[in-house]
Amino acid sequence: MGESMFPSADAVSFVCGNPGKIREAESIMKDSYIKIHYVKLDLPENQGDSDFVSKSKCKSATSVVKGPVIVEDTSLCFNALHGLPGPYIKWFYEKLGSEGLHRLLAGWEDKSASAVCTLAFTEGPGKEVFLFSGEVKGTIVPPRGDYGFGWDSCFQPEGSVRTFAEMSSEEKNEFSHRHKALLKLKAYLISQISG
């Protein structure tokens, strides 16, 4: 067995301030050998595509934490708007809410969208940043449902007649972009521990 990148089993910090995202991550990572510490930091909000934003946030976070970190960036990409709002969905949602996001597409026939989660991981300052992405295609619909968080109520994933907000957390994890990305990250971290 090679030398582990982690000084202890609970050395990875997930920099995130959204309790909903933390709950999703906990449910997916719970059966691994990796215990995640949740850290809330105010990180610079860089502009650019999701990969650039994720890498920049990860480098900023590890410069503060001084160790292994995970950061997350979520995009909601409307096909009619050529990928917008994309990584700026947080700001669009804060100003417009789910109903406003749905109304953004009122003038377009195409209501299709993709939810994308990009997780960035690095062992520490000056180390390479690795990206793990998950994507779910779906449709922007009038808001429905009381579960979930953020724009879950206006996103209906392909293969479902319900929005994310109409699903339990277990059901959402069957479709979730975050779930897909976390599974890739989890597999990578376990391979590093056991490798």
Side-chain angles (χ1 to χ4, degrees), residues 14-29 43-58 70-120 131-187:
F14 186 4
V15 178
C16 180
N18 184 319
K21 292 178 181 183
I22 291 168
R23 280 191 302 276
E24 281 188 24
E26 285 175 335
S27 72
I28 292 158
M29 300 296 274
L43 297 173
E45 292 288 345
N46 294 296
Q47 296 185 21
D49 68 22
S50 189
D51 287 358
F52 173 78
V53 170
S54 298
K55 283 184 177 183
S56 299
K57 283 168 63 173
C58 194
I70 301 163
V71 298
E72 186 261 5
D73 191 69
T74 297
S75 295
L76 184 60
C77 307
F78 296 174
N79 292 327
L81 302 181
H82 305 285
L84 289 173
Y88 308 111
I89 186 59
K90 173 182 175 181
W91 310 113
F92 275 67
Y93 177 75
E94 281 184 11
K95 299 295 183 187
L96 302 175
S98 291
E99 182 60 39
L101 291 175
H102 173 253
R103 287 183 183 172
L104 273 180
L105 293 178
W108 281 270
E109 218 173 281
D110 185 359
K111 311 290 189 210
S112 64
S114 294
V116 181
C117 174
T118 304
L119 295 170
L131 299 178
F132 304 88
S133 189
E135 179 178 2
V136 174
K137 295 186 182 305
T139 305
I140 302 302
V141 298
R144 302 189 314 261
D146 300 319
Y147 302 108
F149 56 91
W151 42 263
D152 283 357
S153 65
C154 69
F155 185 81
Q156 182 175 306
E158 278 184 3
S160 176
V161 295
R162 294 180 294 159
T163 66
F164 276 159
E166 294 176 300
M167 300 177 186
S168 69
S169 58
E170 293 79 19
E171 291 172 312
K172 181 182 173 185
N173 280 346
E174 291 178 26
F175 291 95
S176 168
H177 49 300
R178 190 166 297 104
H179 186 218
K180 291 178 179 185
L182 281 163
L183 287 178
K184 291 177 185 177
L185 172 63
K186 179 179 174 180

query = Has the side chain of Lys111 got a donor or acceptor atom that lies under 3.5 Å from a matching backbone atom of Val141?
reply = no

query = What pair of heavy atoms forms the shortest contact from Ala181 to Gly134, and how long is it?
reply = CB-N, 3.6 Å

remark   = For Leu76 and Pro85, the nearest pair of non-hydrogen atoms, with its separation, is O-CD, 3.3 Å

inquiry  = What's the separation between atom CZ in Phe78 and atom CG in Leu104, rounded to the nearest 0.5 Å?
reply    = 6.0 Å

ask   = Is there a donor-acceptor pair under 3.5 Å between the side chain of Thr163 and the backbone N or O of Arg144?
value = yes

inquiry  = Set out, in order, the CA-CA distance, both residues' side-chain angles and the distance that settles side-chain contact (heavy atoms from CB on, under 4.5 Å) for Leu105 and Leu81, then state yes or no.
reply    = CA-CA 8 Å; Leu105 293 178; Leu81 302 181; 4.0 Å; yes

query = Under the 6.0 Å and 45° cation-pi test, does Lys172 pair with Phe149?
reply = yes

query = Quick one: do the Glu72 and Thr74 side chains pair a donor with an acceptor below 3.5 Å?
reply = yes

ask   = Distance from Glu174 atom CD to Met167 atom CE, nearest 0.5 Å?
value = 8.5 Å

Minimum heavy-atom distance Gly48-Val53, with the two atoms named = O-CG2, 3.7 Å

note = In short, Ser50 meets Pro87 closest at the heavy-atom pair N-CG, 4.3 Å

Nearest-0.5 Å distance that lies between atom CG in Asp73 and atom NZ in Lys90 = 9.5 Å

query = What is the distance from atom OG of Ser160 to atom CD of Glu166, rounded to the nearest 0.5 Å?
reply = 8.0 Å

ask   = Do Val116 and Ser133 touch side chain to side chain, with heavy atoms closer than 4.5 Å?
value = yes

request  = First locate atom CG of Asn79, then atom CG of Leu84, and finally report the distance between them rounded to the nearest 0.5 Å.
outcome  = 11.5 Å

Within residues 90-116 or reaching into it, pairs that qualify as ring-ring contact (aromatic ring centres under 6.0 Å, His included) - sequence neighbours excluded = none

Residues forming a side chain to side chain contact (heavy atoms under 4.5 Å, CB included) with Phe52, sequence neighbours excluded = Asn46, Asp49, Ser56

inquiry  = Check whether Lys55 reaches the backbone of Ala120 with its side chain - one donor and one acceptor, N or O, closer than 3.5 Å.
reply    = no

key: Glu158 side, atom CD; Lys137 side, atom NZ - distance, nearest 0.5 Å   = 7.0 Å

query = Taking atom CD of Glu94 as the centre, does the number of heavy atoms from other residues, nucleotides or ligands within less than 6.0 Å exceed 12?
reply = yes

task = Mind listing the closest non-hydrogen atom pair of Ile140 and Leu101 along with its distance?
result = CG2-O, 4.2 Å

inquiry  = To check you understand the geometry: which heavy-atom pair defines the closest contact between Thr118 and Ser54, and what is its length?
reply    = CG2-OG, 3.3 Å

key: Parallel, tilted or perpendicular, as decided by the 30° and 60° cut-offs, for the rings of Phe164 and Phe155   = tilted

